[in-house]
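Please read the structure below before turning to the comments.
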Amino acid sequence: KAGDERRHHAPVPEAEGREHRRDKLSHRGEQAVRAVGNDVQPRIVKIGMIRRADVMQAVSSVLERYRPEVVIYDPVAVSSNGDILMSPDLIRVMRRCLLPLVSLLTLKKSDAERILGHRIVGSAGVVEAAGELQQLGCHSVLMHCGNMMAGPNTDVLVVASDSEPS
């Protein structure tokens, strides 16, 4: 019948639908972060756990654009139960895009081991690992070592030689 026309849409495979939704969410998230940057222009930014590479790239892009004075990043690569929370792809994106923009990287020893891809042994190993993380671009590293070192709940702060901690 002439009045009974219906529009037909080609079915979208489920995986493509998820990718489209993920792209829309990532784009919306980047827009939201840009809006905050435009309105507030924060001098200090703290970033917590990011679980997707596209979100990490969006955050990095916004940080590059607005260049806050201080960027603190607290990645969670390994849960307290030992579950892996960061994929190798996400770690690659973090190393390439986000770490060079970070002023202070604060993380647990287990997270540093996951990010660097090797075990950290002893206090000299902690300082060496912090130096490796600095070579990836971040200025300072605060590593929470728990009770692995001399005293209980020892933390290690390594600051680039061009400045003093404030």
Side-chain angles (χ1 to χ4, degrees), residues 25-26 29-166:
L25 286 171
S26 178
E30 185 173 355
Q31 286 178 322
V33 173
R34 282 187 192 275
V36 169
N38 284 334
D39 292 347
V40 179
Q41 297 178 350
R43 292 181 28 220
I44 300 171
V45 174
K46 181 174 185 295
I47 304 164
M49 183 170 72
I50 299 175
R51 295 198 60 172
R52 293 190 356 228
D54 60 328
V55 173
M56 189 168 292
Q57 288 171 326
V59 168
S60 299
S61 172
V62 170
L63 290 173
E64 282 184 336
R65 179 174 179 181
Y66 293 101
R67 295 284 181 189
E69 291 175 34
V70 177
V71 176
I72 302 165
Y73 179 40
D74 184 7
V76 182
V78 181
S79 76
S80 56
N81 299 344
D83 296 332
I84 303 300
L85 301 177
M86 283 186 143
S87 69
D89 180 52
L90 184 58
I91 290 172
R92 277 190 295 278
V93 170
M94 176 186 55
R95 290 171 64 125
R96 186 183 72 245
C97 297
L98 188 55
L99 289 185
L101 304 171
V102 170
S103 310
L104 174 62
L105 180 66
T106 174
L107 70 173
K108 295 182 302 186
K109 181 175 99 34
S110 59
D111 296 323
E113 290 174 333
R114 176 80 178 148
I115 291 165
L116 294 171
H118 64 77
R119 296 215 359 100
I120 299 169
V121 180
S123 57
V126 170
V127 173
E128 196 172 293
E132 288 179 61
L133 292 164
Q134 284 181 308
Q135 288 175 3
L136 295 172
C138 58
H139 186 270
S140 302
V141 176
L142 174 62
M143 196 176 313
H144 308 289
C145 300
N147 59 3
M148 78 167 266
M149 295 173 58
N153 299 320
T154 303
D155 294 343
V156 174
L157 175 64
V158 177
V159 179
S161 61
D162 64 334
S163 70
E164 292 295 317
S166 46

Checklist entry - Can you tell me how far CD1 of I47 sits from CG of L101, rounded to the nearest 0.5 angstrom? => result 8.0 Å
Next on the checklist: I'd like to know if the side chain of S60 and the backbone of M56 have a donor-acceptor N/O pair within less than 3.5 Å.
Outcome noted: yes
Checklist outcome for this item: What one should report as the nearest heavy-atom pair of V76 and M86 is O-CG, 3.9 Å
Checklist entry - How close do L105 and P75 get, heavy atom to heavy atom, and via which atoms? => result CD1-CD, 3.5 Å
Determine all donor-acceptor pairs shorter than 3.5 Å in which one atom belongs to a side chain in residues 125-138; sequence neighbours excluded.
from: E132; atom 1: OE1; to: H118; atom 2: NE2; distance (Å): 3.1
from: E132; atom 1: OE2; to: H118; atom 2: NE2; distance (Å): 3.0
from: Q134; atom 1: NE2; to: H139; atom 2: O; distance (Å): 2.6

Next on the checklist: Test of understanding: with salt bridge (Lys or Arg N to Asp or Glu O under 4.0 Å), list the residues that count as partners of R119, not counting sequence neighbours.
Outcome noted: E113
Item to check | Inter-residue atom distance I91.CD1 - M94.CE, 0.5 Å rounding | outcome: 5.5 Å
Next on the checklist: So, using side-chain contact (heavy atoms from CB on, under 4.5 Å) as the criterion, who are the partners of T106 when residues are at least two apart?
Outcome noted: I72, D74, L142, H144
Checklist outcome for this item: Correct closest heavy-atom pair for L116 and R95 would be CA-NH1, 3.9 Å
Checklist entry - With side chains defined as the heavy atoms from C-beta onward, is the minimum distance between R92 and C97 less than 4.5 Å? => result no
Checklist entry - Hey, does L85 have a side-chain heavy atom less than 4.5 Å from the side chain of L90? => result no
Checklist entry - So how far is it from E69 CD to R43 CZ, rounded to the nearest 0.5 Å? => result 4.5 Å
Next on the checklist: What verdict does the side chain to side chain contact (heavy atoms under 4.5 Å, CB included) test give for L99 and Y73, after you've listed the backbone C-alpha separation in whole Å, the side-chain angles of each residue and the deciding distance to 0.1 Å?
Outcome noted: CA-CA 8 Å; L99 289 185; Y73 179 40; 4.1 Å; yes
Item to check | Non-hydrogen atoms of K109 and I120 that approach each other most closely | outcome: NZ-O, 3.6 Å
Checklist entry - Would R96 and Q57 satisfy side chain to side chain contact (heavy atoms under 4.5 Å, CB included), going step by step from the backbone distance to the final call? => result CA-CA 10 Å; R96 186 183 72 245; Q57 288 171 326; 3.5 Å; yes
Next on the checklist: Set out, in order, the CA-CA distance, both residues' side-chain angles and the distance that settles side chain to side chain contact (heavy atoms under 4.5 Å, CB included) for V141 and V156, then state yes or no.
Outcome noted: CA-CA 8 Å; V141 176; V156 174; over 6 Å; no
Item to check | Verdict with reasoning, L98 to L63, per side chain to side chain contact (heavy atoms under 4.5 Å, CB included) | outcome: CA-CA 9 Å; L98 188 55; L63 290 173; 3.6 Å; yes
Checklist entry - Measuring from S103:OG to I44:CD1, what's the distance to the nearest 0.5 Å? => result 9.0 Å
